[in-house]
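Heads up, the thing below is written out as structure tokens.
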Protein chains: 2
Amino acid sequence: MADTGGRTRRRGKDLLDAIYAAAVEEAAAGGPGRLTMDAIAKRAATARTTLYRRWSDPLDLLLDALAELHPVEQPAPGADDLRGDLIASLRLMVDWGFSPAGRAVLAILADPARDPAVVDALFERVFARRGGTFTQTVLRHYAHEGRIDPARLTPVVLDIGEALVAKRIMDTGEAPDDDYLAAVVDQAVLPAVGLPAEPPRHPRTPRRGGRTVTRGGEPA
Amino acid sequence: MADTGGRTRRRGKDLLDAIYAAAVEEAAAGGPGRLTMDAIAKRAATARTTLYRRWSDPLDLLLDALAELHPVEQPAPGADDLRGDLIASLRLMVDWGFSPAGRAVLAILADPARDPAVVDALFERVFARRGGTFTQTVLRHYAHEGRIDPARLTPVVLDIGEALVAKRIMDTGEAPDDDYLAAVVDQAVLPAVGLPAEPPRHPRTPRRGGRTVTRGGEPA
DNA sequence: ATTTTTAGGTACAGTCATGTATCTTATTGC
DNA sequence: GCAATAAGATACATGACTGTACCTAAAAAT
């Protein structure tokens, strides 16, 4: 009953957008393992036939869908607040990770049956030509301004913030709060780039929330 | 045709072991989303009926299977080599993560459709009463000996090594080599506990191998 | 206005997994 | 040896998804 402008049959971009949205939502909900043409068609309120005219299987469709999605917001490093900018960039990452697109991408990457070709396609088509990861953009900015030793910005160091946040999400299944992001920046990222962690506002460590598990670990 | 000692029908522990192994292998191969009673029964070469006598669904079975598995090997911190012990503990983690049990557990944790109750059960039954995570065991040991400031060992810091290794595995889908583990220890873990990173043997950063993606990121 | 394109819808045969029921028989406990 | 237990095997109705065929009618192109 939505206003379709008198039209009763979607076509072209309208239809594609509906299909893409349906595919991403399905993938985010059940992962690639449970993604079916049938479910996508139902969610998009179209006929399965329409899908088969363009794609041969659900994953193929999903990759097109992800490639069409709006890109992730980029961190915009501010004037003179390395710590604050790092926290903000991690917040962007968390927000993205909990969007349907983010969930779908994570599900593909974590799929034990993942096809390397699919992962490659994901990188080439979805992540093509972006500036860098979240904290990476910020760290490079401040290195360029001479406030960080560029030699410190190794691949490992550029990944520290993202890795800890990702693990936290895996462990708890929930979005970390700002206190946790601040702890990551203060206790892991800043020491790694050779800056003294700023004096902690509260001497307490971040609340533990759930449990802490390792990718191959157990409660701390 | 295996030597069954003249017996033709498995029963009790023999049968259970075969079923558990089959369940874990299936879960490791396809993730919880593709885990079915049918596939487990086929792989264990038993009748589906036999499974239904004990379990009501595949996940229930899988949790029992994981609980029965041999525990992960524990890091054994040596005399006086913090750096080496940290690297060794991360190596243990990698080995575990690529075992069928490790893959199955990761697949459960990463499943977008994961049931919190299942995750809780996993922690209670599989990870119950273990000393701690991999680098955690080592770090606590050296803190106890007074070589690390215990106040530094926050939950975030105890997770750094595991988080980076986990992310690396997610990104590349392969087991990191020792150079990478050493880089993690030198560039992230040791700085976070307030120790100067040891002089790097080679001034080069670890080889990049594949790409580096963030949990919500793109190539670096 | 007429033709072309393509979305919407129905139908169908095939495959796979689910639960349940039923029967036979190997193994175990007494 | 005999009875109880439980594994192995087969069958069946049900439901989900697949891939294809086929038809219709709406929207766009001419």
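Just so you know, these numbers use all the heavy atoms, side chains as well, and skip hydrogens, waters and symmetry mates. Chain letters run A, B, ... following the sequence lines, proteins first and then strands; every chain starts at 1.
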> What is the distance, rounded to the nearest whole Å, between atom CG of A/L51 and atom P of C/dG9?
Replying inline: 13 Å
> Counting only N and O atoms by type, is there a donor-acceptor contact under 3.5 Å from the side chain of B/R168 to the main-chain atoms of B/P176?
Replying inline: no
> Expressed in angstrom and rounded to an integer, what is the separation of B/K13 atom NZ from C/dT28 atom P?
Replying inline: 15 Å
> Given atom CG of B/L61 and atom C1' of C/dA17, what is their separation to the nearest angstrom?
Replying inline: 15 Å
> Taking C-beta and beyond as the side chain, do B/L86 and B/F134 meet within less than 4.5 Å on heavy atoms?
Replying inline: no
> Do A/R125 and A/D64 have side-chain heavy atoms sitting under 4.5 Å apart?
Replying inline: yes
>> Rounded to whole Å, how long is the line connecting atom CZ of A/R43 with atom C1' of D/dC17?
In response: 17 Å
> Atom CZ of A/R34 and atom P of C/dA17: how far apart are they, to the nearest Å?
Replying inline: 15 Å
> Reckon B/K42 has a side-chain N or O less than 4.0 Å from the OP1 or OP2 of C/dC16?
Replying inline: no
>> Distance check needed: D/dG19 C1' versus A/D60 CG, whole Å only.
In response: 15 Å
> Can you give one letter per nucleotide of nucleotides 6-13 of chain D, 5' to 3': B if a protein heavy atom sits under 4.0 Å from the base, S if only from the sugar-phosphate, - if neither?
Replying inline: SBBBB---
> Looking only at atom types and distance, does a side-chain atom of B/E162 sit under 3.5 Å from a main-chain N or O of B/T135, one as donor and one as acceptor?
Replying inline: yes
> To the nearest angstrom, how far is A/I40 atom CD1 from D/dC17 atom P?
Replying inline: 11 Å
> Between B/D38 (CG) and D/dT14 (C1'), how many Å, whole number?
Replying inline: 15 Å
> Got a salt bridge between B/D111 and A/R34, using NZ or NE/NH1/NH2 to carboxylate O under 4.0 Å?
Replying inline: yes
>> side chain to side chain contact (heavy atoms under 4.5 Å, CB included) for A/I169 and A/F98? Distances and angles first, verdict last.
In response: CA-CA 10 Å; A/I169 292 175; A/F98 279 84; 3.8 Å; yes
